[in-house]
Amino acid sequence: MSKKCIATAALAGCFGCHMSFLDIDERLIDLIDLVEFHRSPITDIKTFEKRCDIGIIEGGCANSEEVEILLEFREHCDVLVAMGACALTGGIPAMRNGIPLEECLETAYLKGPTYVPGDKVIPHHRDIPQILDRVYNVREIVKIDYFLPGCPPRAELIWEFLVAAVTGKEAKLPYEVVKYD
Ligand code: SF4
């Protein structure tokens with residue numbers, strides 16, 4: 001059986017979902033027999049050089065670069081998976097959605113306790129991704145094929161999903177494995 005190609009990305013989140021992915025521990029060795037990791041923080045490959053079978057997205061979109069990455073994943077992956085509450089709903093980063101962007105930036109950069117006196121400035125440069133008016137969950141931007149809920153999703157859920165997706169076997173998902181918090 002040829003190895004399936006997997007790509008992963010961490011957008012606006014805390015990287016906790018990727019940490020949970022790594023919590024499959026020694027089963028990573030078994031996984032390597034079944035899949036090849038391509039573009040991913042796990043490999044540090046930053047561009048798509050080929051088409052992938054499965055793309056896994058952590059986090060929503062808070063800036064223009066994250067939207068570009070998400071669109072690239074949709075374009076280059078046969079199946080796209082939203083991993084975790086931030087991808088599904090915007091999660092913690094989306095707590096700013098009820099506050100106007102200007103107010104968020106002022107509070108962070110002009111009124112916060114960490115600004116340098118005399119150097120009050122809101123960072124902006126053409127090389128800095130443009131912050132969006134609000135945080136968007138990935139479903140608002142692209143079609144998502146599967147969702148792995150949880151903050152983070154349990155390692156067992158990620159493992160069961162991947163084995164099922166790669167081998168075609170039915171996933172075993174008892175109540176304890178699927179959680180929404
Ligand atoms: Fe972190 Fe939870 Fe968001 Fe995953 S869902 S990126 S663990 S805050």
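Ligands are counted one by one from 1 in listed order, and the atoms in each one are counted from 1 as well. Just so it is clear, the values below take in all heavy atoms, side chains as well, and ignore hydrogens, waters and symmetry mates. Small disclaimer: the values here were computed from a predicted structure and weren't measured.
Among the atoms of Cys151, an N, O or S atom falls under 2.8 Å from atom 2 (Fe) of ligand 1. Residue contacts to atom 3 (Fe) of ligand 1: Cys86 brings an N, O or S atom closer than 2.8 Å.
Under a 4.0 Å N-O distance rule, the pair Arg154/Glu160 does not qualify as a salt bridge. With respect to Asp53 and Lys3, no salt bridge is recorded, no charged nitrogen being found less than 4.0 Å from a carboxylate O. Taking a cutoff of 4.0 Å between a charged side-chain nitrogen and a carboxylate oxygen, Glu156 and Arg27 qualify as a salt bridge. Taking 4.0 Å as the cut-off between side-chain N and carboxylate O, Arg39 and Glu72 count as a salt-bridged pair.
Between Phe48 and Phe73, the two ring planes are perpendicular [angle over 60°; tilted spans 30° to 60°].
Only the side chain of Glu58 comes within 4.0 Å of ligand 1, judged by heavy-atom distances.
Comparing Ala12, Pro153, Gly13, Cys17 by heavy-atom distance to atom 4 (Fe) of ligand 1, the nearest is Cys17.
Protein heavy atom nearest atom 5 (S) of ligand 1, with residue, atom name and distance: Ala85 N, 3.3 Å. The closest protein non-hydrogen atom to atom 1 (Fe) of ligand 1 is Cys14 SG, 2.2 Å.
Atoms of ligand 1 lying under 4.0 Å from any heavy atom of Gly16, numbered from 1 in the order shown and given with element: 1 (Fe), 7 (S).
Taking a 6.0 Å sphere around CZ of Phe15, one finds it holds more than 12 heavy atoms contributed by other residues, nucleotides or ligands.
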